[in-house]
Structures are given as structure tokens and as C-alpha cells.
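What follows is a single structure, written as C-alpha cells, with notes after it.
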There are 2 protein chains.
Amino acid sequence: MSQRPSIKDIARIAGVAPSTVSRALADSPRVSLATRERIQALARELDYTPSLAARSLVMGSSPVIGVISPTLSDPYIASVMKGLEEASHQAGYQRLVASTQGDAEREIEMVRMLLGHNVGGLIILSSRAQGAYQELLAQISEPIVFVNALHTGEHVYNVATDNEHGGWLATQHLLTQGHRRIAYLAGPTRGRSYVARAAGYRRALEEAGLSFERQLVIPGDGSIRAGREALHWWLNQPDEQRPTAFFCYNDLSALGLLSEAHQQGVNIPDDLSVMGFDNVPMAKISIPPLTTVEQRTHELGRLAVVSLLTALENKPVTDIFLRGELIVRASVKRMEE
Amino acid sequence: MSQRPSIKDIARIAGVAPSTVSRALADSPRVSLATRERIQALARELDYTPSLAARSLVMGSSPVIGVISPTLSDPYIASVMKGLEEASHQAGYQRLVASTQGDAEREIEMVRMLLGHNVGGLIILSSRAQGAYQELLAQISEPIVFVNALHTGEHVYNVATDNEHGGWLATQHLLTQGHRRIAYLAGPTRGRSYVARAAGYRRALEEAGLSFERQLVIPGDGSIRAGREALHWWLNQPDEQRPTAFFCYNDLSALGLLSEAHQQGVNIPDDLSVMGFDNVPMAKISIPPLTTVEQRTHELGRLAVVSLLTALENKPVTDIFLRGELIVRASVKRMEE
DNA sequence: GTGAAAGCGCTAACAG
DNA sequence: CTGTTAGCGCTTTCAC
């Protein structure tokens with residue numbers, strides 16, 4: 001019917017001052033129980049909803065967390081979001097979510113916009129922005145938590161998977177199973193996590209006395225399609241040079257590889273072993289089930305919120321690194337000597 | 001360093017009134033080109049970002065679309081989000097996303113909160129709220145678009161898949177392939193789309209002269225797990241009563257069924273045919289690839305935005321129903337006579 | 001073409 | 001305990 005009622009409307013009807021209404025609704029003890037209850041009842045009756053815009057304007061910030069992510073349609077991101085969502089809801093915070101399609105400029109633009117909404121703080125997933133960013137970060141007084149990217153600054157915090165360790169763990173497992181030629185299917189090269197996983201891969205190789213070979217790194221972007229293409233690359237290698245195993249940047253591309261292998265008549269793991277990364281829900285039900293390194297995504301999301309809220313209370317916050325475990329399933333074969 | 005500069009700061013430095021700055025930044029022709037450019041340059045230099053909170057307060061609304069969804073970790077939702085995201089970004093709108101975990105009360109709470117942020121309008125995915133909702137809807141003056149749920153009201157619009165048709169199409173295909181006992185693995189019973197797909201299933205059955213059997217509807221919730229459990233139900237049926245095909249509420253549960261079948265040594269499609277719904281990215285790479293009815297998710301998201309923006313311009317908007325096509329892959333077998 | 005003033009809905013001193 | 005006042009950052013009449 002009429003417009004949404006404001007605190008003034010309530011005040012007029014109740015015959016009190018707007019400030020009294022404000023206090024009553026905030027359950028301030030500075031207003032008598034009687035009027036407090038009377039006003040609250042009235043507010044309920046009128047279907048009053050506070051204008052968060054006005055509130056955030058006067059308070060200078062609002063119980064909203066800005067979240068920025070390169071995409072929303074990736075199962076790894078979805079899972080982080082879920083942890084993030086639950087934790088923030090429990091803490092009484094809403095989320096303003098923006099996605100960047102992996103575009104660094106747009107990421108920066110989104111930071112500005114969200115700040116314009118007076119969000120209390122920001123959580124940025126898999127940031128793709130580099131360099132020039134630092135400058136902006138230095139000017140911001142709201143806390144910012146990066147998930148799986150590493151940035152530094154006054155109010156900047158990090159929650160990340162120990163990707164170097166994960167990459168090492170994955171490669172190490174392949175080596176233990178007797179593999180000697182291990183290809184690495186790469187991820188988005190602008191992302192921090194790709195670089196770290198690649199470093200772990202290389203370290204494991206070198207620790208085993210093998211040398212890192214550039215031509216065993218296949219370009220990719222973490223998509224299903226990248227996995228499929230990787231299989232064709234493999235098919236085209238001459239027999240002696242053909243790797244016996246693939247370590248994939250993520251499960252999604254590993255799953256693509258699995259599917260294409262099946263279609264091309266390549267048996268996994270007998271002809272080729274495949275290792276993923278993330279442990280997305282689908283990894284459990286692929287054929288064969290995918291051996292992978294778990295990423296504690298839910299926890300990543302939850303801890304990002306915890307860190308942000310802690311920072312908001314001006315308590316000290318330290319960077320957090322999470323190590324995932326190796327999940328052994330059926331896509332890696334033990335090689336004969 | 002200092003706080004974010006406001007329009008006042010710029011005004012002081014430029015030696016003009018705040019209102020002039022406001023106009024200059026809005027590119028109003030009512031301010032001379034010279035000052036306009038001078039102020040815009042200054043704003044850029046000072047790294048000025050408008051307070052959207054303040055702006056939305058005075059304007060009574062903001063270029064933000066509130067989006068409500070039961071979850072963010074479902075690939076179908078993710079895909080709708082993607083369409084939604086692209087379309088809204090292109091139109092210069094941001095999104096305030098909230099999720100409800102499928103809880104109807106929380107859905108209503110979210111509607112209120114988002115409205116408190118002065119969002120320009122709302123898009124609600126797979127609404128789970130019923131009845132009492134109507135009352136609330138009637139009071140709201142902002143446009144609301146429901147995706148895959150049907151609600152009515154003054155400023156209420158719908159964009160939906162023609163689920164009845166889809167259910168019919170799926171079942172019809174199974175019938176054409178010679179199946180006579182077709183089980184239906186159900187979805188969330190509170191959702192509108194479940195009911196419609198079930199109706200299509202029933203209609204196809206009856207058109208073929210078969211009767212709808214209640215005991216062939218297996219309870220489920222559209223999760224991977226529901227699919228797995230359905231397979232066990234099937235395994236426990238006596239031979240003569242065992243269906244030769246499953247029509248699953250969605251791909252996710254169909255995929256779960258596929259996986260469990262493989263593990264239990266049940267051959268799909270030789271022993272059992274499986275039909276999904278949605279055509280999520282994974283459906284293409286499952287083993288065997290999943291026959292399904294496509295849901296034009298991307299389009300659903302895009303059209304939801306278009307409808308909302310059209311309503312915002314006070315132009316007439318009509319409800320939209322999208323029909324997806326049958327995607328024949330390899331999980332359904334043609335039965336011998 | 002530019003400035004002064006009012007007000008969006010709310011909270012937070014400061015009075016009484 | 002309650003009312004009055006001021007102001008958050010911005011847009012928008014209404015004057016000049």
C-alpha cells in the first residue's frame with residue numbers, strides 16, 4: 001500500500017520522538033520497558049524494516065561483507081562460498097557478492113564499488129590483480145582478506161591453502177607409486193595458486209633426483225576442456241616420451257581428462273594415471289574415482305570470515321595456511337619396477 | 001591515509017559548492033565545460049569514489065539487484081547466476097546476493113533485508129516460500145522476478161523453464177525407446193519445479209495408456225546422494241517390479257545414480273536407463289554421457305535481468321516460459337520388443 | 001552557470 | 001527515561 005514506514009511514522013503514531021523509537025528498536029535499556037515493548041509491537045504491526053542504507057550512512061559502515069570472486073560457476077569457488085555464507089550468516093552479516101570474470105581491472109573496480117556501499121570489509125577469492133593493486137590497498141582502511149592469493153598491507157590478511165605443499169604431496173604420491181615421467185596440466189597462470197602448486201611439483205621432482213622438464217608442463221586454464229585437450233596432447237606424444245601420469249591443476253580439468261580418456265579408449269589408470277586437486281564433490285563419483293589433494297574449501301571460507309570479523313574487532317589477525325590431505329582413490333596406478 | 005574524500009572535500013579544494021561538484025560528476029550540462037572537466041580531473045586525482053549508501057538514500061533506490069537463492073553450490077544455480085551476472089553487469093547493475101539454504105523463513109527475511117538496502121528490484125531463484133508470502137509481495141513496490149517458481153502479484157514477474165513440458169519430454173523419450181516401467185526420482189517437494197516435472201511425467205505416462213503408480217516415485221532432494229540411494233532402492237526391488245528406466249529430477253542426482261551403478265556393477269544403460277534434467281556441464285562428461293533435458297540456465301538468468309530492468313522502466317513485462325530440448329546421449333537404451 | 005538550503009532515514013550526543 | 005539537535009554524503013529544488 002503506502003511506502004515502507006520509517007522510524008518517524010512509528011514515532012508519530014506512538015506519540016514519541018524518533019530517537020526514542022530508534023533506541024527502543026535497538027533494545028536500549030535507556031528506554032522504559034513499557035514503551036520499548038509498545039514500540040516494538042507497533043513496528044511489527046506496521047511491518048517496519050530498517051533502512052540499512054540510512055543506517056550504514058550514519059554509522060559509516062554496515063554489517064555487510066563484500067565478496068569478490070573471479071566466477072561463481074566453479075565448484076571449488078561454490079564450496080568456499082558455502083563456508084563463507086554459513087559463517088557470515090551466523091555472525092549476522094550479509095554478503096554483497098560481485099564477480100569479475102577473472103578480469104583484474106574489474107576486480108579493482110569492484111573493490112571501489114563495494115567500498116562505496118560502506119561494506120564492513122572485503123573478502124577476495126583467488127585475486128587476479130597484481131602490482132598496481134598495492135597502492136589501492138594501502139589507502140583502504142577497511143580490512144581485506146584474500147583467499148588463495150597473497151597480498152600484504154596494513155589491513156590485509158590472507159587465508160590460503162598451502163599450495164606448494166599440496167603440489168608437492170600430489171607429485172610425491174605419484175613418485176611413490178613408481179611414476180617417473182609426470183606431466184603437469186597447468187592452471188590460470190595469473191593466479192597465485194597455480195604458481196605455488198607448480199613449485200611443489202618441481203620440488204618433489206628434484207628431491208627425487210629427477211629434473212624439471214619444461215615440455216612436460218601443458219598449458220591449461222583449469223577448465224573441463226583443458227583436461228580434454230591434455231589427453232589429446234598425450235595421445236600425440238611418441239611412445240618413449242609419453243608420461244605415465246598427469247598431475248592436474250584442479251579436479252575440473254582432471255575430470256575432463258578422465259572423460260576424454262574413456263571416449264578415446266584410454267584406460268585410466270592402467271594406461272595413464274591422473275591426479276587432481278581440490279576434492280570437489282564430483283571427484284568422488286567420477287569413473288574411476290579421482291585421486292586428489294583435498295582443499296579444505298569450506299574451512300577456507302569460514303576462516304576468511306573469522307579473520308575478517310576478528311580484524312573488525314581490532315584484534316590481531318595472522319595469516320592462515322591450510323594443508324589438505326591426499327585423498328587416494330582409483331585414478332593412480334602403482335607402476336611395476 | 002586520510003578517509004575517503006567526499007564531494008565536499010572536492011568542493012573545498014576546487015573552490016566551488018558541493019552541488020556544483022555533484023552536477024559536474026553527473027555530467028550535467030548545467031555546469032560549464034571548463035569547471036566540469038576541472039572537477040572530474042580533480043576527482044580522479046583524489047581517487048574519489050561516490051558513497052553509494054548516501055546516493056541510494058537520497059534517490060530511494062540504487063543500481064543494485066537483490067538476488068536470493070536457496071544455495072550457491074549447485075551447478076544449475078551457478079549457471080543461472082552466470083547469465084544473471086553477465087546481463088546485470090552489462091546494464092551497470094551490481095548484485096547483492098543472499099542465500100537461504102532452502103529455508104522459507106529465511107527467504108522472507110532476506111527479502112526484507114535486501115529491500116532495506118534500497119535495491120532496485122529482486123530476483124529470486126527457486127523460491128521455496130509459499131502462502132504467507134503473497135501478503136508480503138503485495139506490499140512491495142519494487143519489482144520482483146521469480147525464476148522457476150510461480151508467484152503472482154502487482155509487481156511480480158516470472159521467468160521459468162516449462163517444467164511440465166520438460167518432464168513430459170523426458171518421459172516421452174523413455175516411452176519411445178520402449179520403456180514401460182519408469183521410476184521417477186523426486187526433487188525437493190516444496191519447490192514448484194518438482195511438481196511440474198512430475199506432472200509432465202504423469203501426463204506422458206497416461207497418454208501412453210499407462211497408469212501413474214505412486215510407488216514408482218522415489219523420494220529425493222536432487223542431491224548426488226539421493227541418486228545413490230535410488231540405485232539401492234532399485235537393487236532391492238523384486239525382478240518383475242523393477243523399473244527399466246529412471247527419470248531423475250535433475251542431473252546431479254542422475255550423476256549420483258550413475259556412479260553408484262558403476263560401483264555396484266550395474267551397467268548403464270544395459271541394465272538400467274537413466275534420464276536427467278538440466279544439462280549441467282558434467283552431464284556431458286559422465287560415463288556414460290547423460291541423456292537429459294536441457295534447461296536454458298544462462299538464458300534464464302539473462303531474461304530475469306531483462307524482465308527486471310524492463311519493469312524498472314515501467315514498461316510492460318510478461319511472464320516468460322522457456323522450453324529446453326531433449327539432449328540424447330548414451331544413458332538410455334532402446335528396449336527390444 | 002553556480003550557490004544555498006533542505007532532506008533522504010537513521011543514530012548519537014546533549015539536554016532536561 | 002525521553003525529546004531536541006545535528007549530521008552521515010549525496011541530490012535537488014530554488015534563488016541569484
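Chain letters run A, B, ... following the sequence lines, proteins first, then strands; residues in each count from 1.
Among the protein residues, A:Arg55 comes within range of the sugar-phosphate backbone only, with heavy atoms under 4.0 Å from sugar or phosphate atoms but none that close to a base. The residue B:Ser22 sits close to a base: some heavy atom pair falls under 4.0 Å.
In this structure, the nucleotide among C:dA4, C:dC10, D:dG9 sitting nearest to the side chain of B:Leu57 is D:dG9. Counting only heavy atoms from C-beta on, A:Val58 has its side chain closest to C:dT11 among D:dT4, C:dG3, C:dT11. Here the side chain of A:Ser6 is nearest to one of C:dG3, D:dC1, C:dG9, namely C:dG9. Comparing D:dT11, C:dG3, C:dA12 by their closest approach to the side chain of A:Met59 singles out C:dA12. Of the candidates C:dG9, D:dG9, C:dC14, C:dC14 carries the atom nearest the A:Arg23 side chain, counting heavy atoms from C-beta on.
Using a cut-off of 4.0 Å between Lys/Arg side-chain N and Asp/Glu carboxylate O, B:Asp47 and A:Arg112 are scored as salt-bridged.
In this structure, B:Val159 and B:Phe321 have side chains that are not in contact, with every pair of non-hydrogen atoms separated by 4.5 Å or more.
Between B:Tyr48 and D:dG9 there is no side-chain N or O to OP1 or OP2 distance below 4.0 Å. OP1 or OP2 of D:dT2 lies within a sub-4.0 Å distance of a side-chain N or O belonging to A:Thr35.
Taking the six-membered ring for Trp and thresholds of 30 and 60 degrees, A:Phe146 and A:His151 have ring planes inclined between 30 and 60 degrees apart.
Between B:Thr297 and B:Ser79, the side chains place a donor N or O and an acceptor N or O closer than 3.5 Å (distance only, hydrogens not considered).
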